[in-house]
Undergrad: 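Here it is, the structure, as structure tokens.
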Amino acid sequence: MKHARTLLVLALSLLGLAAARPAWAHGGGTLRLANAEAGPYRVSVWTEPDVTRVGEVHVTVGVAEPAPNGQDAGPPVLDAAVAVTAVSGAGGRAMTAEASRADASNKLFYEADVVLRETGPTRFEVRVSGPLGAGMAGFEVEVLPAATTNVPLLVG
């Protein structure tokens with residue numbers, strides 16, 4: 001009987017690990033903006049997880065000076081203030097997080113975690129302020145309900 005309980009606890013623990021949200025590596029994700037104009041800057045933005053749901057969304061932002069041709073990104077900007085705001089279309093509720101290079105795995109990028117509390121269309125705005133001035137770029141996503149996992153508990 002003791003052996004069966006140990007196996008049950010082990011099996012439930014493994015199910016819990018499998019159902020847990022994966023730990024996201026910082027950086028990467030789904031490309032949302034590529035070299036978009038944000039005032040005097042070019043920004044590229046990625047979000048994780050790939051499917052945007054209620055809960056935490058990791059946002060990675062690359063900020064660059066414009067290239068001489070004015071179309072592409074030039075050298076990275078490493079001394080800007082970057083803020084990410086998510087505005088829910090349903091209730092108009094805004095959630096803002098300051099993006100930083102401090103905890104980024106790649107120090108060329110700014111990263112922030114934004115907590116989304118509502119489903120529906122949501123606009124993300126990335127504001128950049130730095131030596132060249134200030135600007136903003138944005139994109140929209142559809143926020144789905146939080147993922148749920150129903151694991152039946154079999155105890156006999």
Side-chain angles (χ1 to χ4, degrees), residues 11-67 71-153:
L12 290 175
S13 296
L14 289 174
L15 282 173
L17 287 174
R21 187 172 82 188
W24 300 314
H26 288 273
T30 300
L31 181 64
R32 302 295 183 173
L33 293 174
N35 294 329
E37 188 175 318
Y41 303 103
R42 295 286 184 257
V43 296
S44 295
V45 181
W46 297 262
T47 62
E48 287 183 286
D50 293 331
V51 176
T52 308
R53 296 185 177 278
V54 168
E56 190 175 273
V57 175
H58 186 76
V59 182
T60 301
V61 180
V63 180
E65 295 178 8
Q71 300 298 315
D72 299 317
V77 175
L78 304 178
D79 56 351
V82 178
V84 178
T85 301
V87 181
S88 168
R93 188 174 189 183
M95 305 300 287
T96 300
E98 297 299 316
S100 145
R101 293 177 37 244
D103 294 328
S105 58
N106 182 334
K107 299 301 182 191
L108 297 176
F109 295 106
Y110 298 82
E111 297 185 353
D113 293 318
V114 179
V115 178
L116 304 177
R117 303 199 188 285
E118 299 178 29
T119 60
T122 299
R123 177 156 179 82
F124 278 77
E125 297 174 349
V126 177
R127 297 183 189 285
V128 180
S129 179
L132 299 178
M136 190 273 296
F139 60 93
E140 290 195 14
V141 297
E142 183 71 21
V143 177
L144 302 177
T148 58
T149 304
N150 294 326
V151 179
L153 183 58

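Since this is a predicted model, take the numbers as computed values, not measurements. The analysis underlying the following values was restricted to heavy atoms, covering all of them including side chains, and did not include hydrogens, waters or symmetry mates.
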Undergrad: Minimum heavy-atom separation for Ala104 and Ser100, please, with both atom names.
TA: CB-O, 4.4 Å
Undergrad: Nearest 0.5 angstrom please: Thr52 OG1 to Glu140 CD, how far?
TA: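 Taking OG1 in Thr52 and CD in Glu140, the distance rounds to 12.0 Å.
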Undergrad: Mind listing the closest non-hydrogen atom pair of Ser88 and Thr122 along with its distance?
TA: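 Smallest heavy-atom distance, with atoms named: CA-OG1, 4.0 Å.
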Undergrad: How many angstroms lie between atom CD of Glu111 and atom CG of Asp103, to the nearest 0.5 angstrom?
TA: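 Separation between the atoms: 8.0 Å.
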Undergrad: Kindly assign one of parallel, tilted or perpendicular to the pair Phe139 and Phe124, based on the angle between their ring planes and the thresholds 30° and 60°.
TA: parallel
Undergrad: May I ask you to decide if Glu65's main-chain N or O and Arg42's side chain share a donor-acceptor pair within less than 3.5 Å?
TA: no
Undergrad: Gly74 and Ala64: which non-hydrogen atoms are nearest, and at how many Å?
TA: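 Scanning both residues, the minimum pair turns out to be O-CB, 3.7 Å.
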Undergrad: How long is the gap from CE on Met136 to CD on Glu125, to the nearest 0.5 Å?
TA: 4.5 Å
Undergrad: Given side chains that start at C-beta, do those of Pro145 and Thr119 come closer than 4.5 Å, heavy atoms only?
TA: yes
Undergrad: Please report the closest heavy-atom contact between Tyr110 and Asp79, naming both atoms and the distance.
TA: OH-N, 3.4 Å
Undergrad: Does any non-hydrogen side-chain atom of Val51 lie less than 4.5 Å from one of Leu144?
TA: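 Answer yes - side chains close enough.
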Undergrad: Determine whether a donor-acceptor pair (N or O, by modelled atom type, separation under 3.5 Å) exists between the side chain of Arg101 and the backbone of Lys107.
TA: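 Here the side-chain-to-backbone pair exists.
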Undergrad: Go through the side-chain N and O atoms of Thr47 and Arg32 and say whether any donor and acceptor fall under 3.5 Å apart.
TA: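 Yes, a side-chain donor-acceptor pair sits under 3.5 Å.
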Undergrad: Which pair of non-hydrogen atoms, one from Val63 and one from Val61, has the smallest distance, and what is that distance?
TA: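 Nearest heavy atoms, Val63 then Val61: CG2-CG1, 3.9 Å.
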Undergrad: To the nearest 0.5 Å, what is the distance between CG on Asp113 and NE2 on His58?
TA: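 Output value for this atom pair is 5.5 Å.
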Undergrad: Any non-hydrogen side-chain atom of Val45 less than 4.5 Å from a side-chain atom of Val59?
TA: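 They are in contact (side-chain heavy atoms under 4.5 Å apart), so the answer is yes.
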Undergrad: So, for Val54 and Val143, which heavy atoms are closest and what is the spacing to 0.1 Å?
TA: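 So the two residues come closest at N-CG1, 3.6 Å.
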Undergrad: Looking at Tyr41 and Asn35, would you say the former's side chain and the latter's main chain have a donor-acceptor pair under 3.5 Å?
TA: no
Undergrad: Quick check for you: to the nearest 0.5 Å, what is the distance between Thr60 atom OG1 and Glu48 atom CD?
TA: 6.0 Å
Undergrad: Could you walk me through whether Val84 and Thr96 satisfy the side chain to side chain contact (heavy atoms under 4.5 Å, CB included) test, starting with their C-alpha distance in whole Å, then the side-chain angles of each, then the deciding distance to 0.1 Å, before giving a yes or no?
TA: CA-CA 6 Å; Val84 178; Thr96 300; over 6 Å; no
Undergrad: Mind checking the CE-CZ spacing from Met95 to Arg117? Nearest 0.5 Å is all I need.
TA: 4.5 Å
